[in-house]
Structures are given as structure tokens and as C-alpha cells.
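Note sheet for the following structure.
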Protein chains: 2
Amino acid sequence: MPRAGLTPSRVVDAAIELVDKHGLPALTLAAVAEHCGVAAPSLYKHVSNIADLRTLVGIRVMEEMTDSFTATVLGRSGTDAITSLMRAYRAYVTAHPARYAAVPVNPLHQQEYAASGRRMLGVMQAALRPWQLDENELIHTIRAARVIVHGFASLEAAGGFGLPHDLDETYERLIRLFLATLPPL
Amino acid sequence: MPRAGLTPSRVVDAAIELVDKHGLPALTLAAVAEHCGVAAPSLYKHVSNIADLRTLVGIRVMEEMTDSFTATVLGRSGTDAITSLMRAYRAYVTAHPARYAAVPVNPLHQQEYAASGRRMLGVMQAALRPWQLDENELIHTIRAARVIVHGFASLEAAGGFGLPHDLDETYERLIRLFLATLPPL
DNA sequence: ATCTTTAGCTATGTCCAATAGCTTTTAAGA
DNA sequence: TCTTAAAAGCTATTGGACATAGCTAAAGAT
């Protein structure tokens with residue numbers, strides 16, 4: 001009975017591979033266990049239950065997204081930073097469409113996701129800092145950005161648009177649309 | 001053994017009540033059967049399987065949405081029609097948040113939903129008719145509208161926004177944002 | 001009144017999540 | 001090096017959901 005050397009993190013790795021390959025609904029403990037070369041109940045040594053695993057996957061994905069956003073915003077500012085951030089959002093989702101379904105839509109309201117959610121929010125707030133928006137304006141502005149990036153990304157990830165034809169153009173228009181709501185610097 | 005008098009439509013009625021009460025994940029054949037006062041396997045006389053039931057629920061919801069959109073757009077035109085259509089979209093989703101999760105994001109690409117999807121799309125196209133947009137422009141315009149209404153509605157339905165505080169204002173801003181992309185009439 | 005259709009039923013199989021309880025690896029410490 | 005305790009794996013089992021097979025009785029048609 002040699003050990004497989006699992007850890008929660010390696011279980012999440014396997015889970016994400018499964019999600020990438022077969023979609024979020026294919027994320028079952030049985031499938032993860034087989035992928036890890038282990039019997040299903042063994043996973044409970046590393047993960048509390050299937051809900052916990054889904055949460056860990058969601059957090060992992062959010063962290064990956066935030067890492068990517070941080071990298072792209074660093075060294076940019078103003079509209080350049082906002083544009084690259086919005087492009088990076090879409091880029092992550094097109095690169096890993098199935099993963100995006102694992103991200104909860106209300107992370108700030110769920111204890112387990114709150115930290116990741118705040119971290120992601122922080123990048124957007126930082127990118128908007130040059131505008132020095134007051135609190136009320138900042139809320140509406142961030143909401144608008146979120147509606148656009150999430151709306152577009154969730155539709156694209158799920159194949160919600162007809163032809164891929166000109167999807168870049170549609171997204172660039174939406175970015176310009178959003179930038180137009182910001183006061184000139 | 002008196003009969004329950006089920007039909008596919010009445011099964012969908014029960015399914016939608018369940019979804020409204022306990023959310024989409026609570027839509028199981030066992031729960032629907034109990035709600036109908038019938039044993040679970042009896043449902044297979046009216047519905048092919050759980051996937052079929054989910055599809056029927058999704059179609060029902062899309063039809064309801066389109067009915068509401070049609071009613072609100074009739075007798076209006078121009079920006080007034082667009083505004084009322086976008087408000088109606090949100091209004092349906094806030095009135096029945098759980099149902100919205102049953103609507104597929106890519107209806108035009110799934111045979112079973114295609115008719116409902118085209119009908120809904122038709123309302124939007126009709127509302128945009130006064131602008132006489134060329135085909136390319138029409139595609140981008142409809143996509144932008146969809147991103148905004150779906151993005152906002154899916155976030156709101158899932159509790160994705162923080163405080164409900166000022167959500168009306170956020171949405172009205174997005175409507176104005178979209179209208180601003182349309183050429184003046 | 002009879003016959004056919006079909007809407008219901010029970011029984012059963014499969015799959016997944018989850019728990020209980022056992023065994024063996026592994027690593028820490030005497 | 002030997003002992004021992006923690007923990008990582010296992011098998012067995014339960015419960016719930018979907019699904020099918022095959023039976024029975026209600027309801028409509030002739």
C-alpha cells in the first residue's frame with residue numbers, strides 16, 4: 001500500500017485538470033480519486049467534502065485570475081491600466097473557460113471566498129485610483145466594470161455568442177464604452 | 001389508484017415552483033414527484049429525463065421573459081422602447097431570481113431552445129429597428145446590450161452585488177451607457 | 001360492455017457522496 | 001535502531017438521485 005502523497009493542493013490540481021478537460025459538472029470525488037490513483041474515500045483525508053473541494057477550486061481560480069490581473073496592471077496606469085485589466089479578465093476566461101464556472105458570483109458574501117474576492121477587488125480599485133472617485137462614484141464605476149467583464153466573459157465562456165467572428169471588436173467596444181464613463185484625467 | 005392528471009406542462013409548473021422556493025439545485029425528480037403527489041418513476045410518462053425537464057423549465061422561463069418584453073415594447077419606440085426592454089429584463093430576474101439560472105446562456109446553439117431564443121432576440125431586433133443599423137453594427141449592438149443586461153441580471157440574481165443600496169442607479173447608468181452608443185435618431 | 005391505451009405503481013440497478021472502522025506507512029523521538 | 005503515534009490509505013456500507021423494467025388499473029374509444 002504505497003502512499004500517493006496527496007495534499008489538499010494536489011487534490012485541487014487534479015480537480016482543476018478535470019474541470020478543464022470535462023467541464024465543471026464532471027468534478028466528482030470519484031473522478032478526482034481515480035485521477036489521483038486513490039480510492040474515493042481517501043480524499044476525505046485532504047478535503048472535507050465535495051462542497052469544500054468546489055470552494056477550494058473556486059479560490060484557486062480567483063487567485064490565479066488576480067495574479068494575472070496584478071501582473072498586467074503593474075507598470076501601467078490610467079486608461080492603459082483599465083484596458084489591460086479588462087483584457088486580462090477576458091483572456092483568463094478564454095484560456096480556461098470551464099474554470100470560470102467555478103468562480104462564485106458573490107465572493108465577498110461568502111466567508112471562504114472573502115479574502116480572494118477582496119484581493120481581486122483591490123486590483124480594480126488600484127487601477128481606478130488616479131481618478132480619485134468619491135465613494136459613491138467608485139461603487140457605481142466598479143459595478144459597471146464588473147457587469148461588463150463578467151457579462152461578456154460568462155457569455156463567451158459558455159459559448160453564448162453566435163460566431164466567434166469579431167468578438168474582439170465587440171469587447172473592445174465595451175471597453176471603450178466603459179472608459180467613456182470615466183472623467184478625463 | 002386515482003390518477004393525478006399530470007401533463008408535461010403541469011410537471012413543469014411544479015418544477016418551477018420548486019425552483020422558486022429552493023433554487024435550481026433543488027430541482028430533482030424526487031422533489032417534483034412529491035410535489036405532484038406521485039412516485040418518482042411516474043414522471044417519466046411525461047418527461048424523458050431530468051435533462052429534458054430542465055430544458056422544459058428553461059424554455060418556459062424564456063417564453064415568460066419574452067412575453068413580458070413584448071408587452072413592454074409594444075406601443076413604445078426609440079430609446080423609450082430600449083429602456084423599457086432593459087428594465088423589463090431586470091424586473092423579471094429580480095421577481096424570479098432562481099428561475100434565471102435555468103435559462104441557458106447559449107440558447108441559439110441548442111436545438112431545443114433555438115425557437116425561444118430567436119423569439120427573444122426578435123424583440124430586441126424590433127426595438128432597434130428605428131436605427132436601421134447595418135448587419136455588422138446590429139450584431140455588436142445587440143451583443144453589447146446582452147452583455148449589460150445579462151451581466152447585471154446574473155450578478156443581481158445571485159446576490160453578487162454588495163448592498164442593494166443604489167442598485168437602481170447603477171442599472172440606470174448602464175442603460176444610459178448603452179443608449180449613448182446608439183446614433184441619434 | 002369490452003378493449004386498448006396509458007398513467008400510475010413497485011422493484012431494482014447504477015452512480016455519487018459520505019461515514020465507520022481497519023491497516024499500514026511514515027516520521028519523530030527515546 | 002527501535003518504538004510508537006499520527007495520519008494516509010483501504011474496504012464495507014448507507015442513503016439519495018436517476019433511470020429502466022415490468023405490472024396493474026384507470027379512462028377513453030368502439
Side-chain angles (χ1 to χ4, degrees), chain A residues 1-61 98-99 101-102 104 110-113, chain B residues 1-61 98-99 101-102 104 110-113:
Chain A
M1 222 197 264
R3 296 216 173 164
L6 290 187
T7 63
S9 177
R10 293 192 60 85
V11 172
V12 172
D13 293 345
I16 285 186
E17 279 184 47
L18 261 171
V19 170
D20 282 344
K21 251 188 264 179
H22 302 111
L24 191 63
L27 177 56
T28 68
L29 288 175
V32 172
E34 178 170 5
H35 193 282
C36 294
V38 136
S42 306
L43 294 178
Y44 288 89
K45 299 286 170 165
H46 308 283
V47 144
S48 306
N49 48 45
I50 184 70
D52 182 36
L53 176 57
R54 291 196 193 108
T55 299
L56 293 174
V57 168
I59 290 172
R60 168 77 66 86
V61 172
R99 290 185 201 180
Q110 296 182 245
Q111 188 63 34
E112 322 86 292
Y113 293 103
Chain B
M1 221 195 264
R3 296 216 174 166
L6 291 186
T7 63
S9 178
R10 293 192 60 84
V11 172
V12 173
D13 293 344
I16 285 186
E17 279 184 49
L18 262 171
V19 170
D20 282 343
K21 252 188 265 180
H22 302 113
L24 191 62
L27 177 55
T28 68
L29 288 176
V32 172
E34 178 169 5
H35 193 282
C36 294
V38 136
S42 306
L43 294 178
Y44 287 89
K45 298 287 170 164
H46 307 284
V47 144
S48 307
N49 49 45
I50 184 70
D52 182 36
L53 176 57
R54 289 195 194 111
T55 299
L56 293 174
V57 168
I59 290 173
R60 169 77 67 85
V61 172
R99 290 185 201 179
Q110 296 182 245
Q111 187 63 35
E112 323 86 293
Y113 294 103

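Every heavy atom of this structure was used, including side-chain atoms; hydrogens, water molecules and symmetry mates were not. Within every chain, numbering begins at 1; the chains are lettered A, B, ... in the order of the sequence lines, protein sequences first and strands thereafter.
Scanning both residues, A:C36 and A:A4, for their nearest heavy atoms gives O-CB, 4.3 Å.
Using a 4.0 Å heavy-atom criterion, one finds that A:A4 contacts the sugar-phosphate atoms exclusively.
Heavy-atom distances under 4.0 Å link DNA chain C to A:T28, A:L29, A:A30 of residues 23-32 of chain A, given in residue order.
Put simply, A:H46 has a side-chain N or O that comes within less than 4.0 Å of OP1 or OP2 on D:dG9.
Checked options B:V11, B:D13, B:I16; the residue passing with B:V57 is B:I16 (criterion: side chain to side chain contact (heavy atoms under 4.5 Å, CB included)).
Between the side chain of A:R60 and the backbone N or O of A:S9 there is at least one donor-acceptor pair closer than 3.5 Å.
By the 4.5 Å heavy-atom criterion applied to side chains, B:R54 and B:L27 are counted as neighbours. For the pair A:V12/A:I59, no side-chain contact is recorded, criterion being any heavy-atom separation below 4.5 Å from C-beta on.
For the pair A:L43 CG and D:dA8 P, the interatomic distance rounds to 12 Å; values are reported in whole Å.
By the 6.0 Å contact criterion, CD on B:Q110 is enclosed, its count of non-hydrogen atoms from other residues, nucleotides or ligands being greater than 12. Other residues, nucleotides and ligands contribute only 12 or fewer heavy atoms inside 6.0 Å of the CD atom of B:E34.
We find the CG-CZ distance between B:D20 and B:R99 to be 4.0 Å, quoted to the nearest 0.5 Å.
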Are any protein N/O atoms closer than 3.5 Å to N/O atoms in nucleotides 2-7 of chain D? If there are, list each pair with its distance.
from: D:dA7; atom 1: N3; to: A:R3; atom 2: NH2; distance (Å): 3.4

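Nearest nucleotide to the B:V38 side chain, out of C:dC9, D:dT20, D:dC10: C:dC9.
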